[in-house]
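This chain uses plain numbering: 1 for the first residue, then up along the sequence.
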Amino acid sequence: MTGFVENLELEYKRASVFAAPILAGGGVIVKILDAMAAGVPVVTTSFGNEVIRAEAGKDILVADSPEDFALDLVMLLKDPEIRNSVAERGHRHLSVNFSEERLLRTLDAAYQELISSAG
């Protein structure tokens, strides 16, 4: 724990893993997206992955009990091959599903639906 930092991106790049024990849902957890963008493998809960919809066990690790969460963190820390695979797949998932183009298409579709239902 470092407290406030000036350059959060640098902290992500220094990290081996990112732990996001989210216990309640409520939209996209931007910190998880930031970690994935920086190429850091993520361990989170079902709530943390709810909107991100990454493939559990491949793009992201999802654990809902404290024991499973700890086991996943330890596994990533001990196994560089798995750690790198989850990091790469997570980054790819982010690039495909949260690209500017994809977000604009989703927003446009939502607007079109609103226009259609208003008319």
V5 with L33, same ILVMFWY side-chain cluster at under 4.5 Å: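 Same cluster: V5 reaches L33 through Ile, Leu, Val, Met, Phe, Trp or Tyr contacts under 4.5 Å.
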Cluster link V74 to V62, ILVMFWY, side chain under 4.5 Å: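 No.
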Contacts of A87 that satisfy side chain to side chain contact (heavy atoms under 4.5 Å, CB included) - sequence neighbours left out: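 Listed in chain order: P41.
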Hydrophobic cluster of V86, others only, ordered by chain and residue number, side-chain cut-off 4.5 Å: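 Members besides V86, by chain and number: V17, V43, L61, F69, L73, M75, L76, L77, I82.
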Transitive ILVMFWY cluster of V96, excluding itself - 4.5 Å side-chain cut-off: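 Noted: V96 shares its cluster with no other residue.
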Do you know which two heavy atoms are closest between [X] and [Y], and how far apart they sit?
X   : Y   : value
K31 : Y12 : O-OH, 3.4 Å
A35 : V42 : CB-CG2, 3.9 Å
D59 : A54 : CB-CB, 3.6 Å

Residue list, side-chain hydrogen bond (donor to acceptor under 3.5 Å, both in side chains) with H91, at least two apart or on another chain: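 None.
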Contact list for residues 64-84, test salt bridge (Lys or Arg N to Asp or Glu O under 4.0 Å), sequence neighbours left out: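 Qualifying pairs: none.
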Pairs satisfying salt bridge (Lys or Arg N to Asp or Glu O under 4.0 Å), at least one member in residues 99-111, at least two apart: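 Non-adjacent pairs meeting salt bridge (Lys or Arg N to Asp or Glu O under 4.0 Å): E101-R105.
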How far does [atom1] of [X] sit from [atom2] of [Y], to the nearest 0.5 angstrom?
X   : Y   : atom1 : atom2 : value
T45 : E50 : OG1   : CD    : 9.0 Å
R53 : F98 : CZ    : CZ    : 9.0 Å
L94 : S99 : CG    : OG    : 9.0 Å
I22 : T44 : CD1   : OG1   : 5.0 Å

R89 side chain reached by E55 side chain, heavy atoms, under 4.5 Å: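 Yes, at least one pair of side-chain atoms sits under 4.5 Å.
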Pair D34-I32, side-chain contact (heavy atoms from CB on, under 4.5 Å): steps then yes or no: CA-CA 5 Å; D34 288 343; I32 294 174; over 6 Å; no
M36/I52 under side-chain contact (heavy atoms from CB on, under 4.5 Å): CA gap, chis, key distance, verdict: CA-CA 11 Å; M36 293 170 88; I52 296 169; 4.3 Å; yes
